[in-house]
Structures are given as C-alpha cells and as structure tokens.
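Below is one structure, written out as structure tokens; the observations come after it.
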Amino acid sequence: MIPIFPNFKKIGLEDKKSIESFTHRYLPYSDFNFTSLWAWDTKDKRMISKLNDNLIVRLTDYETNEPSFSFLGTNEPERTARELINFAEKFGISPILRFIPEESVAGLKNSNLLVEEDKDNFDYIFSVPKLAELQGIKFKEKRNSVNKFLREHPNATFELKELSSLAVREQILSVLRRWKNKKSLDNKPFDFKNEELAIDRLLHTAKDHKLITSCVFLGDTMIGFSIDEILPFQYATSHFFKADNSFNGVYDFLNNKVAQYLATQNVTLWNWEQDLGLENLRKSKMSYNPVNFLLKYKVSLTYNK
C-alpha cells in the first residue's frame, strides 16, 4: 500500500501494482514508470506517497542523485504542488518540483505558481511503423546504414532472449563494458557509474519485470541489446539500449529490428525517454525523426512569493 502524505515508503518490488494503478491512467512518462523508478534507485533513496489521490515520488537525479519531488495526477494540482514545495523546503530539499507531466500542470495555468518547460527531460516519442519500415527521404540515411551493416556483416542475427538467463545477463554486461571502453577512448565526457548501477540493478531483478530483451549477435557474440517494455495505449518504452559501435550501423540495425517486432505486438509509439541535456544524445535521437514529445515541467513558487 502507498502511504498517505506526509508519510513515505521506500520503493520496493512489491509496489509495482500500486504504482501502475496510477501510471496506467496516463501517457507513459518515463520518470514514473515502475521499472525505471526501480532501476534508477541506485542509492536506495527513492520514495512514494499519495496526496489528493495523486502519486507523489521523491526522485533522485539521474546523474547527481540529488533528491527532488514530483507528482503524477490531476486532482487539486495547485494544492498538491504547494504542499510538496512547503514540505521540501522544511526538509532542506530543492523547492523546485521536477518532471511534472503536462496533464498535471494543466490545472496550474491559472495559479500564481511558476511553471517552466523542462526541455532536457522531454520524452522522445517515435513512430514504430516508421522505424520498422524506414521509408522515405527522412529515413534515407538510416536505411543506407542498415543495408551497409548487413553487407558488412551478413551473418548478423536478431534474437529475443530471456533477461532472467544468467548467460544473457553476462553477455549484456560484456556489451556494456565494450561500449564504455569505446566512449572512454573517444574522450567524450560521460558519467557511466550511475547508468551501470541502474542496468545491474535491473538485471538482478529481471524475473520481477515483464521486459523484452532484443539482441544482435555475430556468431555467439552479442554486439548490441535493447531492453523494452510494452505499456498501455499502444506504447512501448525503451529502458536501456547499448551496442559495440565499432560495428558501424549496429544501432540502426537493432532499432529497425526492435521496431519490426514491436509492430507485431500492436505497438505504435515508442518512448525513448529524455536526452538529459546531453548534446550528442539529443542529436542522435533527433536523427530518428521523433513524431512527438511527452512534455514535462518544473514548478516552483513565483519569485515574488
């Protein structure tokens, strides 16, 4: 059971059903997805509560682990926001609410709270049919990349695997290490630690999540993987996606194959989560031609209050 605010409880695997009773009413904002909440709780500090029949989450930043509050719901949003801001100030936590979904801030437009777009945390939404087919001028570069990958690696295979398999988990970690080493060699600034911990946390609780694990192999060697989840409203969410990019085109090949599989599962829209303000990640995601974004906002007291 989710406690009533101001009481909180740490997020546990036993909370999946209760959390999804809230999240499945709304579009799949990545920050409130149970799998994401669990995996990214790398410091065991994420907590949940319920206020005015809204889901309250004490989140931690994906990079810094700094705490902040957010809520999902449309019941008495101004009252909910003010109570959370006052609570945060009382306990020395940032008084800026973060990752607030568009549906939740709709009721704040006539309030005197400060509501600001948080573009670094907009979720990217892609058309599954378009990524499955890669037709037209917009996808010419991706189409050519897939074809080139197949010419250079005609023995490449796409396979669905069970994440609960120890052998599969070991191969995923091997891909992650190769990806990390390549990033380090490129001298690109990137904080790997928290994401590694999140992936490891998910792998160790794989049996508790209903996930799709898609992999690319060259012979017996995995060179890429995608971990996705099918959600209501014909959506899927991409949780983790990594490949050994010394094989040019492997990302485009894997995306194309995952999209083709999702299309067979009646999925039409694919959430690739946010870019966190990382320019290279933003450029990469934009190159796949998103069809929409799930908008999120920061909410705080106005400066003269």
Side-chain angles (χ1 to χ4, degrees), residues 1-16 18-19 22-23 26 29-109 111-123 191 193-195 197-198 201 273-278 294-305:
M1 295 291 291
I2 300 177
I4 301 298
F5 182 86
N7 297 310
F8 282 81
K9 76 176 293 291
K10 290 182 179 180
I11 293 174
L13 292 170
E14 71 277 5
D15 297 312
K16 177 179 172 67
S18 296
I19 289 174
F22 281 94
T23 59
Y26 302 96
Y29 291 88
S30 61
D31 313 282
F32 294 91
N33 174 273
F34 175 77
T35 303
S36 180
L37 284 169
W38 169 261
W40 287 95
D41 190 16
T42 57
K43 299 297 182 182
D44 198 30
K45 291 183 177 180
R46 292 190 163 198
M47 306 181 81
I48 52 174
S49 181
K50 186 164 59 174
L51 174 60
N52 302 323
D53 198 32
N54 299 307
L55 177 64
I56 308 301
V57 182
R58 176 178 144 149
L59 292 163
T60 47
D61 188 271
Y62 296 103
E63 295 182 291
T64 67
N65 275 312
E66 289 297 314
S68 63
F69 288 104
S70 189
F71 73 93
L72 174 68
T74 58
N75 296 306
E76 300 186 78
E78 182 175 0
R79 180 181 163 199
T80 300
R82 288 187 180 278
E83 287 195 49
L84 278 179
I85 291 169
N86 292 336
F87 184 83
E89 286 184 322
K90 180 179 178 180
F91 288 93
I93 296 173
S94 170
I96 301 173
L97 307 183
R98 300 186 62 198
F99 312 112
I100 307 294
E102 186 173 23
E103 289 95 326
S104 299
V105 302
L108 301 177
K109 296 196 174 175
S111 76
N112 56 6
L113 291 170
L114 181 63
V115 178
E116 303 172 281
E117 285 189 349
D118 189 4
K119 292 184 178 180
D120 290 350
N121 287 297
F122 286 0
D123 285 344
D191 182 7
K193 187 175 180 181
N194 209 37
E195 186 173 24
L197 290 172
R201 185 174 167 85
E273 303 185 337
Q274 56 267 80
D275 61 41
L276 300 174
L278 300 171
L294 296 186
L295 309 186
K296 292 175 242 177
Y297 296 79
K298 300 176 185 177
V299 176
S300 60
L301 300 177
T302 52
Y303 298 119
N304 60 352
K305 290 290 179 181

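Quick caveat, the model's predicted, so the values are computed rather than measured. Start at 1 with the first residue, then count along the sequence.
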Is a side-chain donor or acceptor of [X] paired with a backbone partner of [Y] at a separation under 3.5 angstrom?
X	Y	result
Asp123	Ser30	yes
Asn86	Arg82	yes
Lys296	Phe122	no

Once you round to the nearest 0.5 Å, how far does [atom1] of [X] lie from [atom2] of [Y]?
X	Y	atom1	atom2	result
Lys298	Leu113	NZ	CG	15.5 Å
Trp38	Ile19	CH2	CD1	10.5 Å
Ser94	Glu89	OG	CD	9.5 Å
Glu103	Leu72	CD	CG	7.5 Å

Can you name the closest pair of heavy atoms from [X] and [Y] and give their distance?
X	Y	result
Ser70	Ile100	OG-CD1, 3.4 Å
Phe34	Ile11	CE1-CG2, 4.2 Å
Ile93	Arg58	CD1-NH1, 3.6 Å
Ser18	Phe22	O-CD1, 3.6 Å
Glu117	Lys119	OE1-CE, 3.2 Å
Ser104	Pro77	O-CB, 3.5 Å

Is there a side-chain contact between [X] and [Y] in this structure, where contact means two heavy atoms from C-beta onward sitting under 4.5 Å apart?
X	Y	answer
Ile85	Leu97	yes
Phe32	Val57	yes
Asn52	Arg79	yes
Arg201	Trp40	no
Thr74	Tyr26	yes
Arg46	Leu37	yes
Asp120	Leu276	no
Glu116	Tyr297	no

- Any chance the rings of Phe8 and Phe69 have centres within less than 6.0 Å?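 So the answer is yes for these two rings.
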
- Query: Do Phe5 and Phe87 have ring centroids that are under 6.0 Å from one another?
  - Reply: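 Aromatic pair counts; centres sit under 6.0 Å.
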
- Item | Given Thr60, Leu59, Asp41, the one that forms side chain to side chain contact (heavy atoms under 4.5 Å, CB included) with Asn65 |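 Single side chain to side chain contact (heavy atoms under 4.5 Å, CB included) partner of Asn65 among Thr60, Leu59, Asp41: Thr60.
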
- Item | Option passing side chain to side chain contact (heavy atoms under 4.5 Å, CB included) with Ile56 (candidates Ile2, Leu84, Ile48) |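 Only one of Ile2, Leu84, Ile48 forms a side chain to side chain contact (heavy atoms under 4.5 Å, CB included) with Ile56, namely Leu84.
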
- Query: Just wondering, more than 12 heavy atoms not from Lys9 lying within 6.0 Å of its NZ?
  - Reply: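 Yes - once you tally the heavy atoms of other residues, nucleotides and ligands closer than 6.0 Å, there are more than 12.
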
- Item | Pair Ile4-Leu51, side chain to side chain contact (heavy atoms under 4.5 Å, CB included): steps then yes or no | CA-CA 6 Å; Ile4 301 298; Leu51 174 60; over 6 Å; no

- Exercise: do Tyr29 and Glu102 side chains pair donor with acceptor under 3.5 Å: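 Distance-only check fails for Tyr29 and Glu102.
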
- Any side-chain donor-acceptor pair under 3.5 Å between Asp31 and Gln274?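 A pair is found: one side chain offers a donor N or O, the other an acceptor, under 3.5 Å apart.
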
- Task: Apply the test side chain to side chain contact (heavy atoms under 4.5 Å, CB included) to residues Arg98 and Asp118: give CA-CA distance (whole Å), side-chain angles for both, the deciding distance (0.1 Å), then the verdict.
- Result: CA-CA 8 Å; Arg98 300 186 62 198; Asp118 189 4; 4.3 Å; yes

